[in-house]
Amino acid sequence: MNSIYIGAGASFILGASGYFIVRYWLMPIFRYRKIKQGIVQTLSFYDSLNVETFTGPDKQRLKNISRKLRQYAAQLSTCYNESLPYKYKLYLNGNNESPLEASKALMALANIKQVDHAIKRADSIRNYLQKQD
């Protein structure tokens, strides 16, 4: 009968610790990576920019991209400040990855109206996020 209690206690401890590891460590890291991946996919729009994009029929698409960039900036900042584990933040700093600077640059990119400035800003965001292709 004692071994049943020991087994039940051990399984409870393992289950509870697994829950906390997944909930407070793995899920925030996966959320951060998903946001980062979305940013990189959205920035691919800026690889094929020209002057007509800012003035022509793609203007509505550009507005949607700008709105998306603002949302990603807020999500990235919130994820970094509120949910990422401290050790993962140290890991990011060690890899010269700067999500807060990327968030600031995303907000600035969402408001840029000149093609050459937008391309430079998109490249700087990629550098902040250290996305190697």
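Residue numbers run from 1 in the order of the sequence given.
Counting heavy atoms from C-beta on, the side chains of Lys34 and Arg31 never come closer than 4.5 Å.
A distance of 9.5 Å separates NZ of Lys87 from CH2 of Trp25, quoted to the nearest 0.5 Å. The CG atom of Leu109 sits 10.5 Å away from atom CD1 of Ile119, with the distance rounded to the nearest 0.5 Å. Atom OH of Tyr128 and atom CG of Leu92 lie 15.5 Å apart (nearest 0.5 Å).
Taking each heavy atom of Leu84 and Tyr88 in turn, the nearest pair found is CD2-CD2, 3.7 Å. Nearest heavy atoms, Ile125 versus Ala102: CG1-O, 4.3 Å. Scanning both residues, Ser11 and Ala8, for their nearest heavy atoms gives OG-O, 2.9 Å. When all heavy atoms of Gln130 and Asn95 are compared, the closest pair comes out as CG-O, 3.6 Å. Here the shortest heavy-atom pairing between Ile29 and Pro85 reads CG1-CD, 4.2 Å. Between Ala108 and Arg121, the closest heavy-atom pair is CB-CZ, 3.8 Å.
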Show the atom names and distances, to 0.1 Å, of all donor-acceptor pairs under 3.5 Å that link a side chain in residues 64-76 to residues at least two apart or in another chain.
| residue | atom | partner | partner atom | Å |
| --- | --- | --- | --- | --- |
| Ser66 | OG | Leu62 | O | 3.0 |
| Ser66 | OG | Ala110 | O | 3.2 |
| Arg70 | NH2 | Asn111 | OD1 | 2.8 |

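When the side chains of ILVMFWY residues are joined at heavy-atom separations under 4.5 Å, either directly or via intervening members, Leu129 and Phe30 end up in a single hydrophobic cluster. Linking ILVMFWY residues whenever their side-chain heavy atoms come closer than 4.5 Å, directly or via other members, leaves Ile39 and Met107 in distinct clusters.
Within the structure, every pair that satisfies the salt bridge (charged side-chain N to carboxylate O under 4.0 Å, His left out) test and touches residues 39-50, not counting sequence neighbours, is listed here: Asp47-Arg126.
For Ser83 (side chain) and Cys79 (main-chain N/O), a donor-acceptor pair under 3.5 Å exists by modelled atom type.
Lys104 is linked by a salt bridge (Lys or Arg N to Asp or Glu O under 4.0 Å) to Glu101, counting only residues two or more places apart in sequence or in another chain. Applying the side-chain hydrogen bond (donor to acceptor under 3.5 Å, both in side chains) rule to Tyr32 yields the partners Glu97; only residues at least two apart in sequence or on another chain are considered. With sequence neighbours excluded, the residues that form a side-chain contact (heavy atoms from CB on, under 4.5 Å) with Leu100 are Ser77, Tyr80, Asn81.
With a 4.5 Å cut-off between side-chain heavy atoms of Ile, Leu, Val, Met, Phe, Trp and Tyr, the cluster of Tyr24 takes in Tyr19, Phe20.
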